[in-house]
Amino acid sequence: MIDVLIVGGGIGGLALAQGLRKHGLDAAVYERDRCRDDRVDRYRLAINPAGSRSLRACLPDRQWQAFTDTAGRPGGGFGFLGTDLRTLVLVEDALMHPDDPDPAERAYPVDRQTLRGVLLDGLDDAVHYDRTFERYELAADGRPTAHFADGTSVSCDVLVGADGINSRVRAQYLPTATQRDTGAVGVGLKLPLNDDTRAWLPARLADGMNLVLTGAPYFLFTSVFERQQPVGDDYLLCAFVGRNELFPSRPERLDGAQLKAYVAGLITGWHPALRRLIDECPPGEVSAFPFQASDRPVPWAPSRVTVLGDAVHGMPPAGGNGANTALRDSALLTRQLSLAGTGHLPLLDAIGEYETEMREYGFQAVDLALRTLHQGMMSNPLNVGLTRRWFSLCDIVPPLRRMTFGASWAKVSAPRAWERAAAR
């Protein structure tokens, strides 16, 4: 029996714990939050087929059903808009993610907090709160012992760092792996969707996902989360993303009202509905976060310590692939450790194969996120003008739209060889 200690109770760490326990392995999660409800991170995630496939692989049937039951209402497509709210091109859902009879091959809008609740279900005895990881030591036989800030320590067969882009596990395990400032800041805002806000919100903003292109070094992304069964907590998620120099230093220290004022000062010439959208977001639902990205590390020799998700391939949220890539890590690492647990692979070979594959698709996702971010902040007048004209042409010529956008969503979520093998 292999026992696995997971540092970090985010989406990737919890999915891994579910997957390992589903396959009969012992998994425990150590989380620095003081309690289950300490983290309030209610915002929309776009789970693509790679994420859905991974959740299906990791979750027991009951939790998988709960995931599909609590996912948001699909549809709406992806609109590229001007600051006057004119639609340049609308990419339909069927083009982004063609319909598939298999629910594990579909895309789902989800509420992050709701998804985390699904992942926590059944793990009450496995998640240990108020345990801040500090360091680990390796015994002579390679087994890790994790040390925590409260003076306790726990030994295990495998230690997994799922503790985010500022991972302490990675800092010790891969001290030469670095992160960089992307030069961009995101301001997240949330507008409740109710009868009052729907009365003035333009129809396109109240549906699907949208990117407002500006021709300036900033852009606005919006996405709707509507539950399949109305419970009164639908919302419109907004992310205003701009270059660092548009904000004061340490923008994450500003309160919601201050951040809204900075954004409002940059969009004075936009459509009145967009300005009202920013104005009516409650200040308590506004926060800033500098975007970081992990540098591609030099391959390393495997050990009984490994990492997943943002701890190794952190990326800006442009493109929405961070959570999906972490879930893919969890499914792959579950597969590899299960093979080791049944004697089909030596443990270090299993971990090494995971790390080799994870580096490939993980940093492909990082590269894609950075390209998407920089394209959104494009401010060269010639490039912006050409892009707008091309998008407008794509809107009226479906073959051009398929050629331009058809592969962009599908490529990153297409099944890898090991995923295809698992499906057979």
Side-chain angles (χ1 to χ4, degrees), residues 44-53 71-100 102 105-110 184 202-215 218-225 236-239 241 315-325 328 361 364-380 382-416:
R44 182 191 190 275
L45 292 174
I47 298 298
N48 66 27
S52 302
R53 196 181 305 125
R73 191 184 305 277
F78 196 111
F80 291 87
L81 316 177
T83 57
D84 57 359
L85 282 185
R86 182 173 66 90
T87 298
L88 302 174
V89 60
L90 177 62
V91 183
E92 54 267 52
D93 293 282
L95 187 56
M96 291 189 289
H97 301 293
D99 193 27
D100 194 291
D102 183 355
E105 293 296 329
R106 300 175 190 165
Y108 298 88
V110 301
R204 182 59 234 165
L205 292 180
D207 201 13
M209 297 179 284
N210 299 285
L211 184 66
V212 179
L213 299 173
T214 67
Y218 47 84
F219 62 88
L220 178 70
F221 170 77
T222 71
S223 60
V224 168
F225 180 77
L236 176 65
L237 173 70
C238 306
V241 179
M315 65 193 78
N321 288 314
N324 291 294
T325 311
R328 183 172 253 169
Y361 66 71
Q364 286 176 355
V366 174
D367 293 343
L368 176 60
L370 289 171
R371 287 197 303 272
T372 303
L373 175 64
H374 294 145
Q375 288 168 356
M377 295 191 300
M378 179 173 55
S379 56
N380 179 288
L382 178 60
N383 290 339
V384 171
L386 290 173
T387 298
R388 287 175 180 271
R389 290 188 185 94
W390 182 255
F391 280 6
S392 296
L393 188 59
C394 288
D395 196 47
I396 59 177
V397 183
L400 287 181
R401 192 161 65 249
R402 287 193 296 272
M403 180 186 74
T404 302
F405 300 101
S408 58
W409 276 276
K411 183 177 180 180
V412 72
S413 61
R416 309 281 295 181

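Values below: all heavy atoms of this structure, side chains included; hydrogens, waters and symmetry mates excluded.
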Distance-only donor-acceptor hits, side chain of residues 398-406, under 3.5 Å, sequence neighbours excluded:
from	atom 1	to	atom 2	distance (Å)
Arg401	NE	Glu92	OE1	3.0
Arg401	NH1	Cys394	O	2.9
Arg401	NH1	Asp395	O	3.1
Arg401	NH2	Glu92	OE2	3.3
Thr404	OG1	Trp390	NE1	2.9
Thr404	OG1	Leu400	O	2.8

Please round to the nearest 0.5 Å and tell me the distance separating atom CG of Asn48 and atom CZ of Arg328. 7.5 Å

Could you check Val241 against Phe221 for side chain to side chain contact (heavy atoms under 4.5 Å, CB included), going step by step and ending with a plain yes or no? CA-CA 8 Å; Val241 179; Phe221 170 77; 6.0 Å; no

Please confirm whether the backbone N or O of Gly82 pairs with a side-chain atom of Arg388, one donor and one acceptor, at under 3.5 Å? no

Has Arg416 got its NZ or CZ under 6.0 Å from the middle of the six-membered ring of Tyr361, at an angle within 45 degrees of the ring axis? no

Could you walk me through whether Leu85 and Leu205 satisfy the side chain to side chain contact (heavy atoms under 4.5 Å, CB included) test, starting with their C-alpha distance in whole Å, then the side-chain angles of each, then the deciding distance to 0.1 Å, before giving a yes or no? CA-CA 9 Å; Leu85 282 185; Leu205 292 180; 4.2 Å; yes

Which heavy atom in Pro109 sits nearest to a heavy atom in Phe225, and how many Å separate them? O-CE1, 3.8 Å

Closest heavy-atom pair, Gly75 versus Asp207, reported as atoms and distance to 0.1 Å, is O-OD1, 4.2 Å

Looking only at atom types and distance, does a side-chain atom of Asp93 sit under 3.5 Å from a main-chain N or O of Gly76, one as donor and one as acceptor? yes

Distance-only, no hydrogens or angles: does the Asn324 side chain make a donor-acceptor pair with backbone N or O of Ala46 under 3.5 Å? yes

Rounded to the nearest 0.5 Å, how far does CZ of Arg44 lie from CG of Leu237? 8.0 Å

Residue pairs meeting side chain to side chain donor-acceptor pair (under 3.5 Å), one or both in residues 366-376, sequence neighbours left out, come to Arg296-Asp367

Residues passing the side-chain hydrogen bond (donor to acceptor under 3.5 Å, both in side chains) test with Asn210, sequence neighbours excluded, are Arg204, Thr222

Given side chain to side chain contact (heavy atoms under 4.5 Å, CB included), test Leu81 with Phe391 step by step and report yes or no. CA-CA 10 Å; Leu81 316 177; Phe391 280 6; over 6 Å; no

Gap between atom CG of Leu368 and atom CE of Met315 - 0.5 Å precision: 9.0 Å

Which value, rounded to the nearest 0.5 Å, describes the distance between Leu88 atom CG and Leu393 atom CG? 12.0 Å

Given side chain to side chain contact (heavy atoms under 4.5 Å, CB included), test Phe219 with Leu211 step by step and report yes or no. CA-CA 7 Å; Phe219 62 88; Leu211 184 66; 3.2 Å; yes

Could you state the interatomic distance from OG (Ser392) to CZ (Phe80), rounded to the nearest 0.5 Å? 12.0 Å

Taking Arg106 for the side chain and Asp100 for the main chain, is one N or O donor matched with an acceptor at less than 3.5 Å? yes

How close do Cys238 and Leu220 get, counting heavy atoms only, and between which atoms? CB-CD1, 4.2 Å

Smallest heavy-atom separation, His97 atom then Ala107 atom, equals CD2-CB, 3.5 Å

Kindly give the heavy-atom pair with the smallest separation between Pro316 and Ala369, and that separation in Å. O-CB, 3.5 Å

